[in-house]
Amino acid sequence: MPQSLTEIKALLEARGMRPRKRFGQNFLIDHNKMRMILDAAELGAGDAVLEVGPGTGALTEWLLEAGAEVTAAEIDRDLAEILRERFGERESFALVEGDVMAGKHAIAPAVLEAIGDRPFKLIANLPYQVASPLLATLALDHANWTRAVVMVQREVGDRLLAESGKDFGPLSVAIGLMCEGKVVTHLPPGCFWPQPQVDSSVVLLKRRGEPVCDDLKRVMEMAQTLFQKRRKTVRAIVGTEVASAAGVDETLRPERLTVKQIVGLADAAG
Ligand code: SAM
C-alpha cells in the first residue's frame, strides 16, 4: 500500500520535523493521482528514473515496485535520512543528497554522474522553485532523457505547453523545440498535505529524437529578445528586414508567433 497521510506525518514527527515551505514540501496524498503519474511513466523493468524531491518516498516506492532503477535527488537532510533508512539497502535505489541544480542552467554534477549515459525518465512531484529551470535545462542541454512525467504548479504547466497567447514565452519555446507534451491531469490543493495555495498539473513531455532546429542557443536568444518586449511588434523588436526574410508578419506581437517562426527569425537575424 502507498504511504498514507498518517504515515507521512508519523515519519516527519519521529524526527521532530514539519513540512518545509522553503523546499516546496507539499506531499501528494491522493493515490489515484499518483497512479496516473505512474501510468503515464510507462515504466518497464530496469528503466532508469530520475526522481527529484522524493520527500518521504511515497512515489519512490511505487517506482521501485514497478522495477525502475531510481536515482533520487533530495535537498532536505532529514528527508534524505528517512529515504536512506527506507531504501538504502536496495540496489535499484541511489540517493544524491543535495540540490538537483548547480545553478539556473546546470544540473548538479553528482546527479548527472549518478545517472550516467543511460537513457532515463524524469518522474517527479517537483518542488516549485526547481520546475522551470530544471525542465528548460533538460530540454536544451541533455539528450539522454526520453520522457518526463512531472507535477508542477498549474501555471507552470500552462507555460510549458503553451503554443501561443499570454502563457507563451521562453519556457514554452525551450519545450516546444525539443518535446511534445500534454496534460495528464489537473489537481486541486486538497490532493496534497499541506495544501498549496494553487492548483497543480501533471504534465507528460516526450523528447523528440531531433530538435526542430540546429542552433538551439541562437533560437533561445531570439526568444529572450522577443519576450523581453512582449508588448511590442516583431517590426519594433527585430526590424522589417529580418521579419520579411523570415516570412513573418511584422505586425505580430511575440506571443502570436509559433516556435517555427521564432526559429525563422533567429535564422534570418544570423
Ligand atoms: N515526492 C514527494 C511527494 O510526491 O509527495 C515530495 C514532493 S515535494 C513537492 C518536493 C520535494 O523536493 C521535497 O521533498 C523537497 O525537500 C525537495 N526539494 C526541494 N528543492 C529541491 C532541490 N533544489 N533539489 C532537490 N530536492 C529538492
Side-chain angles (χ1 to χ4, degrees), residues 2-12 15 17-38 40-41 49-65 68 70-87 93-112 114-115 121-138 148-154 156-157 184-185 187-203:
Q3 272 176 13
S4 64
L5 173 58
T6 316
E7 282 171 273
I8 295 174
K9 282 183 170 169
L11 283 166
L12 299 190
R15 279 162 186 79
M17 187 195 160
R18 287 152 66 89
R20 294 184 169 123
K21 219 175 179 174
R22 71 176 186 285
F23 291 148
Q25 288 174 2
N26 301 101
F27 300 94
L28 179 61
I29 52 171
D30 184 313
H31 295 154
N32 291 329
K33 298 294 186 185
M34 207 176 296
R35 165 61 55 198
M36 290 175 87
I37 295 177
L38 215 65
V49 166
L50 171 61
E51 187 187 4
V52 173
T56 54
L59 178 60
T60 320
E61 186 120 48
W62 287 32
L63 295 169
L64 290 169
E65 265 167 33
V70 179
T71 299
E74 175 55 62
I75 198 169
D76 187 304
R77 206 185 294 164
D78 292 317
L79 293 179
E81 206 172 290
I82 293 175
L83 292 160
R84 270 191 294 268
E85 271 171 25
R86 292 173 62 90
F87 310 118
F93 177 76
L95 179 67
V96 179
E97 186 180 329
D99 193 335
V100 67
M101 300 301 288
K104 195 168 173 226
H105 303 291
I107 295 174
V111 173
L112 296 177
I115 288 273
K121 297 176 176 177
L122 170 69
I123 316 293
N125 174 9
L126 288 175
Y128 67 92
Q129 318 88 314
V130 162
S132 302
L134 172 68
L135 293 171
T137 303
L138 267 185
V149 184
V150 284
M151 174 93 65
V152 292
Q153 293 189 338
R154 186 164 178 161
V156 174
V184 175
T185 184
L187 301 87
C191 294
F192 302 89
W193 175 79
Q195 294 193 15
Q197 277 169 354
V198 295
D199 285 345
S200 305
S201 302
V202 174
V203 170

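Here the structure is a predicted model, which means the values were calculated and not measured. First listed ligand is number 1; within each ligand, the first listed atom is number 1.
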Could you identify the single nearest non-hydrogen protein atom to [atom] and state the distance to 0.1 Å?
{"atom": "atom 22 (C) of ligand 1", "answer": "Asp99 OD1, 3.7 Å"}
{"atom": "atom 1 (N) of ligand 1", "answer": "Gly53 O, 2.8 Å"}
{"atom": "atom 17 (C) of ligand 1", "answer": "Glu74 OE2, 3.4 Å"}
{"atom": "atom 19 (C) of ligand 1", "answer": "Phe23 O, 3.1 Å"}
{"atom": "atom 13 (C) of ligand 1", "answer": "Gln25 CG, 3.6 Å"}
{"atom": "atom 5 (O) of ligand 1", "answer": "Leu28 N, 2.9 Å"}
{"atom": "atom 4 (O) of ligand 1", "answer": "Asn125 ND2, 2.9 Å"}
{"atom": "atom 10 (C) of ligand 1", "answer": "Gly24 O, 3.6 Å"}

Provide the number and element of each atom of ligand 1 under 4.0 Å from a heavy atom of [X].
{"X": "Glu51", "answer": "1 (N)"}
{"X": "Val130", "answer": "22 (C), 23 (N)"}
{"X": "Asp76", "answer": "16 (O)"}
{"X": "Asn26", "answer": "8 (S), 9 (C)"}
{"X": "Gly98", "answer": "24 (N), 25 (C)"}
{"X": "Phe27", "answer": "5 (O), 6 (C)"}

Do any heavy atoms of [X] fall under 4.0 Å from ligand 1?
{"X": "Ala108", "result": "no"}
{"X": "Met101", "result": "no"}
{"X": "Gln129", "result": "no"}
{"X": "Leu59", "result": "no"}
{"X": "Pro54", "result": "yes"}

Is there a side-chain contact between [X] and [Y], using heavy atoms and a 4.5 Å cut-off?
{"X": "Leu187", "Y": "Asp30", "value": "no"}
{"X": "Val202", "Y": "Asn125", "value": "no"}
{"X": "Met101", "Y": "Thr137", "value": "yes"}

Parallel under 30°, tilted from 30 to 60°, perpendicular over 60°: which one fits the rings of Trp193 and Phe27?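 Trp193 and Phe27: parallel rings.
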
Does ligand 1 have a heavy atom under 4.0 Å from the side chain of Met151, from its backbone, from both, or from neither?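 Answer for Met151: neither.
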
What part of Leu79, side chain, backbone, both or neither, has a heavy atom within less than 4.0 angstrom of ligand 1?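 For Leu79, only side-chain atoms sit under 4.0 Å from ligand 1.
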
Give a yes or no answer on whether the side chain of Glu61 reaches the backbone of Ala58 with a donor-acceptor pair at less than 3.5 Å.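 Side chain of Glu61 to backbone of Ala58, a donor-acceptor pair under 3.5 Å: no, none is there.
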
Could you tell me whether a side-chain N or O of Lys121 sits under 3.5 Å from a main-chain N or O of Ala41, the two making a donor and an acceptor?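 Yes, because the side chain of Lys121 sits within donor-acceptor range (under 3.5 Å) of the backbone of Ala41.
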
So, using ring-ring contact (aromatic ring centres under 6.0 Å, His included) as the criterion, who are the partners of Phe23 when residues are at least two apart?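 If we apply the ring-ring contact (aromatic ring centres under 6.0 Å, His included) test to Phe23, skipping adjacent residues, there are no hits.
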
For Gln153, what residues pass the side chain to side chain donor-acceptor pair (under 3.5 Å) criterion, not counting sequence neighbours?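 For Gln153 there are no side chain to side chain donor-acceptor pair (under 3.5 Å) partners, ignoring immediate neighbours.
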
Output, in order, the C-alpha distance, side-chain angles, deciding distance and verdict of side chain to side chain contact (heavy atoms under 4.5 Å, CB included) for Leu134 and Leu122. CA-CA 10 Å; Leu134 172 68; Leu122 170 69; 4.1 Å; yes

Does Arg20 CZ have over 12 foreign heavy atoms under 6.0 Å away?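 Atom CZ in Arg20 is crowded, with more than 12 foreign heavy atoms closer than 6.0 Å.
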
So with a 6.0 Å cut-off around CZ of Arg84, is the heavy-atom count from everything else above 12?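 Above 12, so yes.
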
For the pair Leu95 and Glu74, evaluate side chain to side chain contact (heavy atoms under 4.5 Å, CB included) and give the outcome as yes or no after the intermediate values. CA-CA 7 Å; Leu95 179 67; Glu74 175 55 62; 4.2 Å; yes

Option among Met151, Gln3, Glu51 that satisfies the side chain to side chain contact (heavy atoms under 4.5 Å, CB included) test with Leu59: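 One option only clears the test, and that one is Glu51.
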
